[in-house]
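Since we're looking at a predicted model, the values are computed, not measured. A note on names: the letters A, B, ... follow the listed sequences, proteins ahead of strands, and every chain is numbered from 1.
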Amino acid sequence: MGSYDHKKIEKKWRKHWEETNAYVTTPSSSKPKHYALDMFPYPSALGLHTGHVEGYAATDIYSRFKRMKGFNVLHPMGWDAFGLPAENYAIKTNTPPRETTNKAIDNFRNQIQRLGLSYDWSREIGTHNPDYYKWTQWLFLFLFENGLAEKRMGKVNWCPTDQTVLANEQTVSESGEKGVCVRCGTKIIQRELSQWFFKITDFADALIDDLNDVDWPESTKINQRNWIGKKEGVIVTHKVKGMDLSLDTFSAYPAWLFADTYIVLAPEHPAVKNLVEGTEAEIDVEAFVKRMQEVTTIDRTNATMEKEGIFTGRVAVDSLTGKEFPIWIANFALMDFGTGIIRCSSHDIRDLTFAKKYGIPLSEVVERESPDMPVDAHANKGVLKDSGPFTGRTINNELIQEIIAWIESNGYGHTQTTYRLRDWLISRQRYWGAPIPVVYDPEGKAHGIPKEHLPWLLPEDVEYLPKGTSPLGTSKELLERTEKIFGKGWKPEIDTMDTFVCSSWYFLRFADPHNEIEFASKEALKTWLPVDLYMGGAEHTVLHLMYARFITKALQKFGYIEFGEPFSKLRHQGMILAEDGTKMSKSKGNVINPDEISELYGADTLRIYEMFMGPLEAMKPWSTKNIIGSRRFLERVWRVQEKVSQGATLSASADATLQQTIKKVAEDIELLSLNTAVSQMMICVNAFEKEEKIPTESYESMLLVLAPFAPHMTEELWGALGHTSSIHQENWPVFDESKLEKNEVVMAVQVGGKVKGTIVIPRGATEEEVVGLVRKDIKLGEVVPQNPSRTIFVPNRVLNFIP
RNA sequence: GCCGGAGUGGUGGAAUGGUAUACACGCACGACUCAAAAUCGUGUCUCGCAAGGGAUGAGGGUUCGAGUCCCUCCUCCGGCACCA
């Protein structure tokens, strides 16, 4: 036996696994399936970081364990390859994004392969490849044909300097300033452009309800529910005095409706023009609206923004009371929520502040609790006054239902549910994405491109530099292609799709990645889906997961798949921080490169260290100092092989530790409690070190348990024991129940709940036996009371004397 | 502001309501060595010579027994936030 040479060993087995296609998966009729998936990475030029390693190592351990437990495991990897960094780089250097992206992918793949991850590389996909985005385009057409995709006006963030559209995340500067172009710092404006939307709002209720059926972190479910923001309330109709116009408001707190004294419209509300046309207020209101529209939604949704408004000169009649409400326009009313018109009262801090600023009269329907502040309606508590037929009633659910019924029966309004969730705007005025498969006839009507023309290729003769329209508009080839196929005067759509579209269905493609006639065959989908374990960072909890769920539900609705939730079980790996406890960042120079670590200590050590650092989902600081512990652990496992001897026997105590290790590591892997699994294996090897000789079978059991964590080293040691087949094809060892527990246990002896000492007893001793032993014990015999009022006995754990 | 999560040794962290501090890092001392490294051994929450006390962010409560359950508060982290 030589020393543990990780470089030689890891290289050798990586090559062997690759040559023998060790992890290529084919469907099996005899084994149950398991689909373990990592969120596929964006192949950044910066390469793999420690956070990737953490998640990938965890799912790899899980996958290897499941294989040993008799499952047929699908464990694929691919690339979320479209996106902005490659395009920005292209703008700077005029290098085609495909070139830089493929280079980054090669680098990423190399880095990932060095970690000994058991991916089935025959299923590798990249969203930027035509044989993949063909099906992204198919998906678009599927939604279009079924009324779930439509083109309409939408707001975009626009940088006047760069002449380009920006995604929301590109409107925050590096220093954290909001509402500016990330590239040039220019204040961004909003423009109305005709945009494609996916109607995710059609599925709002299912997206909330079906969260009950999946095993996801509770906080992630809550984030999803909050994002959808379902709210039930009541729409009240108001006639505008002196006009043939009525205004509908949305209220989520119907019990407080009698307190309202004024109405506010969003500046962009279409009724604004009607209200002021030809009146004295017209000029001022128009100026106000114009000024407000220059402010971006990002600024508008900043809670600290000064509330501003203007009176229209009009009043509306409250159908509930007949009172007249002045009609205002104000920047805090959002066209996006409810009806874009609000009834306002003193019971809302924002409405109250606004009314005070402009001297609008107020009234209250619940007695104040403190003299200087009206009660907040959000509490939904109190006794009503001045509330018509409901005066004197206490606010509770029954009363709210009664008020709603009263409003409906009198024809004043009706109930309505609103959602915060908006339709998904998928148009991007950018180059490096999947082209939207649409052409426009000479009248400008949109037509889906017939499927025989898919993939609708991304043109290459484009100007990357932004010029105010989408880069695809500069392609001669695209225009010629369109006219050649569809006729003179036809024009191609020149926007591309949000990259979230590409990543919203990739988990389906892995089931059947080379299928040329379907996005995946029905059999393949039935075999593998849904995903049994999905692992990824918590930063994608809202958007990616929501979109993937939406696409799944849409496909289910039209019979393409048979399940409604794509990811049965979801877990997040926590962020790995730099040694100083701050985020790793290139600019701070505190980034740990996994390559250097695995070069120095080995991939097996890196995997074990990252699992041992702490709970998978926790945020943890990196510590280069601590890695040595994981390395030493593997070296001990290596060295212990010297003690292996055919026909030896293990001491009962060491054997119990081994049996416990087999049991506990299996349980911990199932729970993804990998830090405690590693610590149990350390306990096991520590126990082995104290033995003179170790039976071959015992050592083999320990290697099998360690195999998912340290695949290279265990493979080498397995071979050294004379095995000719891979350790990774072996079954998980079975523990011996009869040897699991030691015969003697140390039990705590308490008086009044305080520990006074411990006593060694035979396992399973009865209360009488233990009391007898305690009385005979020289030290404890004196401490415990002679006549306790009672004793509490927990077998093998605690004996508590209550004086 | 709202919704989550978390506060345990010098450090990362462990603990079905049942011996708090497992496992590891670091540190100290010892063995081996001419020496060092590596390795091995011993010790390492705190006060105390000891016997004994006291400690899981703070304070209360439930319980024979609380890091764990309940209440009040503090701090940190994450997400959402003019949502009617």
Whole angstrom is fine here: how far is it from [atom1] in [X] over to [atom2] in [N]?
| X | N | atom1 | atom2 | result |
| --- | --- | --- | --- | --- |
| A:Leu674 | B:rA14 | CG | P | 12 Å |
| A:Phe633 | B:rG13 | CZ | P | 20 Å |
| A:Lys620 | B:rG5 | NZ | C1' | 14 Å |
| A:Phe612 | B:rG13 | CZ | P | 11 Å |
| A:Met619 | B:rG4 | CE | C1' | 13 Å |
| A:Phe793 | B:rG17 | CZ | P | 20 Å |

(message) Could you identify the nucleotide paired to B:rC27, looking across every strand shown and requiring Watson-Crick or G-U wobble geometry with both distances under 3.5 Å?
(response)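 Pair assignment: B:rC27 / B:rG43.
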
(request) State the pairing partner of B:rC32; accept Watson-Crick or G-U wobble contacts with both distances under 3.5 Å, and report none otherwise. (result)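 Paired with B:rC32, as far as the under-3.5 Å criterion goes, is no nucleotide at all.
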
Looking at the rings of [X] and [Y], which for Trp means the six-membered one, are their centres under 6.0 Å apart?
| X | Y | answer |
| --- | --- | --- |
| A:Trp424 | A:Phe500 | no |
| A:Phe311 | A:Tyr358 | no |
| A:His6 | A:Tyr601 | no |

(message) Mind checking if A:Asn675 touches a base, just sugar-phosphate, or nothing, with heavy atoms under 4.0 Å?
(response)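 Contact class for A:Asn675: sugar-phosphate only.
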
(request) Report yes if at least one side-chain N or O of A:Arg797 is closer than 4.0 Å to OP1 or OP2 of B:rG17; otherwise report no. (result)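 No, because none of the side-chain N or O atoms of A:Arg797 sits under 4.0 Å from OP1 or OP2 of B:rG17.
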
(request) Hey, which sits more toward the 5' end of RNA chain B by its nearest nucleotide, A:Ile222 or A:Ile628? (result)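 Closer to the 5' end of RNA chain B: A:Ile222.
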
